[in-house]
2 protein chains.
Amino acid sequence: MNPPPAKPTRRDALGNRERILTVARVALSGSGSASLTAIAKQAGVGIGTLYRHFPTREALVMELYRHDIQGLIDRVPVLLGENPPLTALRLWFEEVAHYGRLKFGVAEVIHAAANGGLDDEYYGPFVAAIARLLEAGADDGTLKPGLDPEDVLLQLGVLWRIEPARGGAARAARILTLIVDGLRTRQS
Amino acid sequence: MNPPPAKPTRRDALGNRERILTVARVALSGSGSASLTAIAKQAGVGIGTLYRHFPTREALVMELYRHDIQGLIDRVPVLLGENPPLTALRLWFEEVAHYGRLKFGVAEVIHAAANGGLDDEYYGPFVAAIARLLEAGADDGTLKPGLDPEDVLLQLGVLWRIEPARGGAARAARILTLIVDGLRTRQS
DNA sequence: AGGCATAGCGGAGGGCCCTCCGTTTCATTC
DNA sequence: GAATGAAACGGAGGGCCCTCCGCTATGCCT
């Protein structure tokens with residue numbers, strides 16, 4: 001799509017970057033745990049090279065899932081167009097939870113971002129999407145006014161971390177309800 | 001107090017255990033991050049010995065804070081005796097959040113426990129304490145009936161993970177309100 | 001085409017985690 | 001006071017993470 005950072009000019013650099021991403025996509029698709037060392041070796045680059053392209057594990061994961069995350073973000077206006085705000089919020093949360101459970105690796109990332117300061121490049125739009133939902137709900141009186149989207153993101157982080165197996169799905173659904181109810185105004 | 005596991009009979013074993021705990025208490029009192037290797041060395045014991053006494057980092061941390069955690073659990077009946085259930089719940093959550101922020105290390109532990117299966121020895125009583133609060137609130141109609149205490153514990157986990165610096169305290173307070181509101185029944 | 005500055009490479013190195021197993025030390029028994 | 005079996009020790013080893021820096025290949029410029 002768009003050359004991510006600024007100008008990765010050199011050919012070899014671009015090639016390496018692509019190869020790393022290809023390998024990583026496969027290696028991380030499972031549980032999300034695979035050694036960076038192994039990925040580098042598989043991609044035929046030194047570990048140093050991998051780290052230069054992606055300074056942290058999160059950066060790599062984020063790059064892999066940038067598309068999917070953007071997809072989630074893009075769902076917000078759609079859902080808001082088709083549903084009242086409260087419903088849209090709930091539906092979106094469900095999509096987020098579901099996505100998160102599939103791509104387990106993203107959990108850690110979002111979480112790290114929410115607390116410390118990860119790059120706003122990925123984090124900002126996500127927060128903005130939440131903000132949009134919260135504002136719509138505040139406007140029609142179903143959600144409390146003045147909610148902080150980052151607070152909500154942190155709460156969502158819990159959903160990411162529930163393993164879907166062994167009744168985790170049900171648990172996620174319950175917690176999602178608790179979260180939404182916490183955001184609602186007292187009178188429906 | 002009570003010899004924790006079963007019968008650590010041998011003298012040297014007991015001595016080592018104590019020395020490890022003493023060193024660990026100091027080493028981990030700060031940010032909670034110190035290498036186990038270093039702790040072992042300081043305690044004058046091999047790394048293997050440390051691991052035999054405390055199979056995971058969590059086990060060590062838990063043992064260190066067992067007293068404080070018990071203290072938190074003991075607060076539940078006291079708070080319930082002095083306040084209506086909803087207030088008691090809120091007050092207790094505040095104590096929990098405050099404690100967690102101080103002893104940052106416990107966060108990871110509780111969290112690990114909540115999802116996978118850590119020893120019920122520590123985890124169980126904590127959940128039971130929450131259950132007691134939830135039941136009291138359900139009985140007087142201020143909290144939803146049938147809430148799962150483990151769900152609530154997971155949500156509380158978020159509080160643990162907020163760094164108190166840089167407005168984190170305010171954020172924790174806000175999120176705490178969201179959580180409690182999610183647990184309440186719709187009519188006050 | 002040939003030179004040259006430099007972006008980019010890659011792996012050694014230091015630190016940590018955790019396991020495994022040969023060796024030591026204790027407590028008990030004779 | 002040995003002898004002895006088992007509990008406990010301890011550190012080497014394998015794996016991972018991440019940094020640092022001397023070396024290489026690339027792309028521009030002449």
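In what follows, chains carry the letters A, B, and so on, assigned in the order in which the sequence lines appear, proteins first and then strands, with residues in each chain numbered from 1. Treat the numbers as computed from the prediction; the structure is a model and nothing was measured.
The side chain of T37(A) contributes an N or O atom lying less than 4.0 Å from OP1 or OP2 of dC17(D). N16(B) has a side-chain polar atom (N or O) that falls below the 4.0 Å cut-off from OP1 or OP2 of dC9(D). OP1 or OP2 of dC9(D) sits under 4.0 Å from a side-chain N or O of H53(B). Here S35(A) reaches the OP1 or OP2 of dC16(D): one of its side-chain N or O atoms lies under 4.0 Å away.
Nearest-nucleotide positions on DNA chain C for P55(B) and T49(A) put T49(A) closer to the 5' end. Both A38(B) and D12(B) lie close to DNA chain C; mapped to their nearest nucleotides by heavy-atom distance, the more 5′-ward contact belongs to A38(B).
Rounding to whole angstrom units, OH of residue Y51(A) and P of dG13(C) are separated by 18 Å. For the pair K41(B) NZ and dC9(D) C1', the computed distance is 16 Å after rounding to whole Å. Atom CZ in R52(A) sits roughly 8 Å away from atom C1' in dG10(C) (whole-Å rounding). Atom CZ of R19(A) is separated from atom C1' of dG10(C) by 13 Å (rounded to the nearest Å). In this entry the distance linking CG of L60(A) with C1' of dC17(D) reads 14 Å, nearest Å. Nucleotide dG10(C) holds its P atom 16 Å from the CD atom of Q42(A), rounded to whole Å. The interatomic distance linking E18(B) (CD) with dC9(D) (P) rounds to 13 Å, in whole Å. F54(A) places its CZ atom 13 Å from the P atom of dG8(C), with the value rounded to the nearest Å.
The shortest side-chain heavy-atom distance between D148(B) and I175(A) does not fall under the 4.5 Å cut-off. Considering only heavy atoms from C-beta on, H67(A) stays 4.5 Å or farther from Q70(A) through its side chain. Taking the side chain as every heavy atom from C-beta outward, R90(A) and N83(A) never approach each other to under 4.5 Å. Side-chain atoms of V61(B) and F54(B), non-hydrogen and from C-beta on, never get closer than 4.5 Å to each other.
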**Request:** Quick one: do E135(B) and R132(B) satisfy salt bridge (Lys or Arg N to Asp or Glu O under 4.0 Å)? Show the steps, please.
**Result:** CA-CA 5 Å; E135(B) 277 158 27; R132(B) 186 150 173 197; over 6 Å; no

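The base of dA7(D) sits with one of its N or O atoms less than 3.5 Å from a complementary donor or acceptor on the side chain of R10(B).
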